[in-house]
Amino acid sequence: KDLTIKEWKTNKGIVEEEIDKEEIDKEEIDKEEIDKERFTKDQIKNLLEVPSNQIYGDYSLPCFYFTKIFKMAPKLIAEVIKEKIKMMDTEGILKNLEVVNGFLNLYLNKENHIKKLLFEGRKEDFGCGKAGLAQTVCIDYSSPNIAKNFHVGHLRTTLIGNSLYHIYKKLGYQVIRINHLGDWGTQFGKLIVAYQKWSNKEAVEEKGIEELLRIYIKFSKESEQNLELEEEARSWFVKMEQGEKEALTIWKWFKEISMIEFERIYDLLGVSFDYYTGESFYMDKVPDLVRELMEKHLLSESEGAKIVDLNQFDMPPCMIIKKDGSSIYHSRDLAAVLYRKKQYQFDKCIYVTGQEQKLHFEQVFKVIELMGYEWSQNLIHVPYGLVRLQGVKLSSRTGNIVYAEDILTEAIKRALELIHQKNPNLDQPKEVARKIGIGAIIFHDLFHQRMKDVDFSWEDVLSFEGTTGPYVQYTYARAKSILKKAENKPKIDEVDVSLLSDVTTYSLLKIISEYKESIYEAANRFEPSVIARYTILLSTAFNKFYHECNILNADENLRDARLIVVDLTQEITKDAMGLLGIECPEEM
Ligand code: ARG
């Protein structure tokens, strides 16, 4: 019984560690925590160990971590906690508690615990539909720029935002999905000039965004030599701001052309929005903003422009009106958030963009705070890292740009090839290929923690093994096919749960019971990767169960009990994948 901390290190979270190789070394966190004065629930959960030898219990809590809080010897601490836990355990989940040196060893009453685990797994909506009751969240995501290509960065905001929408919806929030299209700004002045000089109606109609992009790039090059072009562009934008008809007609047409392409991508991804209120929508709301800022003595002049000085907060000034009198990204965002607060009375407003916009949002939120709105606390920027495309063929359209749409269609094509190889008799192969291909891209993107950069490679995306979407989908299809073969569907109250106490099944049940918690964690951290990782843990545990535990050929009682586990797994897998915005084919 004289074990060192090291020896107590266990197989806990082997799977977690496997998928988390990049994470900080566990030893290091532990050392840090010994000095702690406070622990969150999650941290305590992390401290719980699973002894490799069951004679030390199902869990063990090393109490020397708490010496700083209790100012007592670990052994005494363990005694105190033991008594507390005993009193709390009204459901009889624990069979026994034992103090050994500084450790509190917990022995579960497996039958009661399994019942509880199963119960958690089959609650309606997994027990999380009420958290957000009567609360509203706005999510501003995707928001591509008109007349520019929808690139992989926009793919990330689209997927993260869409997943956050599903997660918050699951928690019972009213969610408002806003596509803050980049459809206003000086670039449209440039585009109009470029169009008049180097393009025509037919070309734009035929080639769409590709043509708009071509002339935009040409404009940038030409204007380096010819400064007059910039002037001309600026005056076209001013005309747009003043509502001049010709300018607006061309702009509107560019927008329509772009929207056709964006909608194609949204259709492929299964993403939709409640509002497409882009930047142009707020243009006429900027004068009110200016008035309010002036009344609150926040506006000052700088070289002809109107700004809010943020010097004392170590930030550059927030530009409100440019010296030519036009609005700017910042002022349109400020007008937008005031409008949203009034219109939707949100409790939270979330913005999903690349991390390079961090300063922009800090400035915008600061100005709202200075205007005296305490709800500035509820404005949240959710940034994300870069996508690095290695080995991805550049578009044949423009030669040097990767279009998100090309990646999506390529994924579907590759998935179809895989189906032809692996299961040529599959029903509706095209539909399944779409679900697999798109699912693979979404999963790959969301599996990475938001702030980490993503290296994209086809091998990682479409593999049927490892931490991929197809792997989880395949697991789901496997569970479905077992249930189909079983024909009868046992009732959960009628099975003998004590038959599920072997280590493999029990670990699977534990993961099943943790679904709800992972939804909360994903929501609190604005981190869909929590759900993606959960689906991998669940799939891995299920496949182990599938290989080790005979299901269909087991004795009737055992078979029925195991079928309940299969059923719960498929239900949760489908639901969790739905939270990521991924569909699971019934067969693949
Ligand atoms: N259009 C911007 C871009 O493509 C993103 C807009 C994000 N939303 C916002 N409210 N500023 O980078």
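All values derive from a computational prediction rather than experimental measurement. Ligands are counted one by one from 1 in listed order, and the atoms in each one are counted from 1 as well.
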| Just wondering, are more than 12 heavy atoms of other shown residues or ligands nearer than 6.0 Å to NZ in Lys252? | no

| said: Distance under 4.0 Å to a non-hydrogen atom of Gln357: what atoms of ligand 1 satisfy this? | reply: 3 (C), 5 (C), 12 (O)

| query | Taking the six-membered ring for Trp, are Tyr276 and His180 ring centroids under 6.0 Å apart? | reply | no

| query | Is there a salt bridge (Lys or Arg N to Asp or Glu O under 4.0 Å) between Lys296 and Glu292 once you walk through the steps? | reply | CA-CA 6 Å; Lys296 295 183 170 166; Glu292 192 178 336; 2.7 Å; yes

| request: Among all protein heavy atoms, pick out the one at the shortest distance from atom 9 (C) of ligand 1; state its residue, atom name and that distance to 0.1 Å. | output: His180 CD2, 3.4 Å

| query | Any N/O of His154 closer than 3.5 Å to an N/O of ligand 1? | reply | yes

| To which protein heavy atom is atom 8 (N) of ligand 1 closest, and what is the distance rounded to 0.1 Å? | Asp140 OD1, 3.0 Å

| query | Has ligand 1 got any nitrogen or oxygen that is less than 3.5 angstrom from a nitrogen or oxygen of Tyr351? | reply | no

| query | Do Ser331 side-chain atoms and Ser327 backbone N/O form a donor-acceptor pair below 3.5 Å? | reply | no

| message | Under 6.0 Å between ring centres: does that hold for Tyr165 and Tyr173? | response | no

| query | Is the shortest N/O to N/O distance between Thr353 and ligand 1 below 3.5 Å? | reply | no

| note | Contact region, Phe361 to ligand 1, non-hydrogen atoms below 4.0 Å, reads side chain

| Atoms in ligand 1 with a heavy atom of Tyr329 nearer than 4.0 Å | 2 (C), 5 (C), 6 (C), 7 (C), 9 (C), 11 (N)

| message | Out of all atoms in ligand 1, which are within 4.0 Å of some heavy atom of Asn145? Include the element for each. | response | 1 (N), 2 (C), 3 (C), 4 (O)

| Quick one: are the ring centres of Tyr195 and Trp253 less than 6.0 Å apart? | yes

| So is there a nitrogen or oxygen of Arg340 less than 3.5 Å from a nitrogen or oxygen in ligand 1? | no

| message | Tell me whether the NZ or CZ atom of Arg177 lies within the 45° cone about the ring axis of Tyr141 and under 6.0 Å from its centre. | response | no

| request: Answer yes or no: is there a donor N or O on one side and an acceptor on the other, between the side chain of Gln363 and the main chain of Pro317, under 3.5 Å? | output: yes

| task | Considering only non-hydrogen protein atoms, determine which one is nearest to atom 2 (C) of ligand 1 and report residue, atom name and distance to 0.1 Å. | result | Ser143 O, 3.6 Å

